[in-house]
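Here is the structure we will look at, set down as structure tokens.
Note on naming: letters A, B, ... go to the chains in the order of the sequence lines (proteins, then strands), and numbering restarts at 1 for each one.
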Amino acid sequence: MQDTRGAPRERWVTVHPLLVRVTHWVNAVALVCMVMSGWEIYDASPLLPFIFPPWMTLGGWLAGAIAWHFAAMWLLAVNGLVYVIYGIVGRHFRRSFFPLSARSVWMDFRSALALRLHHTPGVYNAVQKLLYLVVLLFGLLAVLSGLAMWKPVQLWWLTAALGSYSSVRWVHFVAMTGIVGFVVIHLILVAVVPSTLPTMITGRARVPAGMEAHPDA
Amino acid sequence: MRRTTLIRPRDAAPELRKLERRLMLKSGLSLGALTMLTGCDLNDGDVFDRALFAMSHFNDRVQALLFSRTRLAATFPASRITNPFRFNAFYDEDDVPDIDGATWTMAVSGLVDDKTPWSLARLRTLPQESQITRHICIEGWSQIGEWSGVPLHVFLKRIGADTRAKYVGFTCADRYYTSLDMPSALHPQTILALDFIGKPLPPDFGYPMRLRIPTKLGFKSAKHVVSLSVTNTYPGGYWEDQGYNWFSGT
């Protein structure tokens, strides 16, 4: 777009639709509650020879942690459902995460390591697309393994599909680790490109003169 | 397990009266929720406490809907029984109550026709069932054991219990107590267990009689039971009153 004098100049475009922004931040709150209370529950009977330090946990003790976990799960589930329905029906997933090929992931990964990958507002590079898809799958796995652990008798088929009661705890732990790993990478990337943070709040990104942007709205 | 701080009842009384009035007027929450609030210390924040208990109560109802009276907990072959079986209580093994089975009786009260106390010998005359099921602790660990005894639905029928009542409450010799919703109490795998792996219950595992309910988390399977009551008044529970979810179904 150009101004009346014909010279190209910077402009603002909406790259994150309102629904994506709202569900993103609600999810952030729900996820922090789930992970921190989950760590407290883990500490009651650790799977590995370590526990999460109490300052990293939520709930104070097992009962409090379980109460937080099973309250926040509704926020996480309802919010997640709204996001996924929008993602499919509103074609957000298709537009933002596809097409995706192994080759493009490899190319973008190499460019990123060589610090040659530039951030284009509203466009995900192939590595980002892969990360978002993988964390969605980890999220699905966390929800399913969580349900399987909560209701091994009433939802026995789900527990059986994921192994047994004892193995489902491990599945849930692995899913949590995957999600937390994603969050760490996600936060590092935000630190590298800090302009993405206000954009996730306002939805609007500044597009420098001459650069193409792809509004997602 | 970490110790919990209990609010002294006299400290909480004025706040509770206020809260009770508000809840009664607003949403007709069951007496259960109110009773649960009295001993709770989930979080220092009053607002958080109330929100968490409201959610826990909501989860009770969701779980009651998910519960099926006919769906059975998985059973296992004898080869899968956990050995050694872990002792677990809110006190050390040294403090396990020492009970004389010859003089022990279980009192029966509430909405029942026959309130005669039950001796061990008399319980043995009722039909017995055996099960090898997984005992799942709220802490996350689990172990497989074999329990035999009188199905609770048989016992409730025998004493002429009003099975339209909401709760079956239990109190124990070690000052433990807990309660079940009636549908879970009538589930075919809910038993008044007298034996563990073919022998009378060892003291560590609830001699002379314990509840065994594989459709709920382990803390619901009360040991050393001394009384049973059928009631519409929410009986709560030792852990439930401190914040564990009451229904705690599996």
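Here the straight-line distance linking atom OG of A/Ser45 with atom CD1 of B/Ile138 works out to 12.0 Å at 0.5 Å rounding. Within the model, atoms CG of B/Asn245 and CD1 of A/Ile66 stand 8.5 Å from one another, a figure rounded to the nearest 0.5 Å. Here the CD atom belonging to B/Gln63 is positioned 9.5 Å from the CD atom belonging to A/Gln154, to the nearest 0.5 angstrom. Rounded to the nearest 0.5 Å, atoms CH2 (A/Trp150) and CG (B/Leu66) are 6.0 Å apart. B/Arg71 contributes atom CZ, which lies 7.5 Å from atom CG of A/Leu155 (distance to the nearest 0.5 angstrom).
The main-chain N or O of A/Ala63 is never found under 3.5 Å from a side-chain atom of B/Gln242 such that the two would form a donor-acceptor pair. A donor-acceptor pair under 3.5 Å is formed between the side chain of B/Asn59 and the backbone N or O of A/Phe70.
Only the side chain of A/Met73 comes within less than 4.5 Å of a heavy atom of chain B; its backbone N, CA, C and O stay farther away. Residue B/Leu72 touches chain A through its backbone alone, counting heavy-atom pairs closer than 4.5 Å. Both the backbone and the side chain of B/Ala73 come within contact range of chain A, with heavy atoms under 4.5 Å apart.
Taking the six-membered ring where tryptophan is involved, the planes of A/Trp68 and B/Phe48 are tilted, since the angle between them lies from 30° to 60°.
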(Q) Show, in sequence, the C-alpha distance, side-chain angles and deciding distance for A/Arg169 and B/Ser142, and conclude whether the side chain to side chain contact (heavy atoms under 4.5 Å, CB included) test is met. (A) CA-CA 11 Å; A/Arg169 282 194 77 200; B/Ser142 69; over 6 Å; no
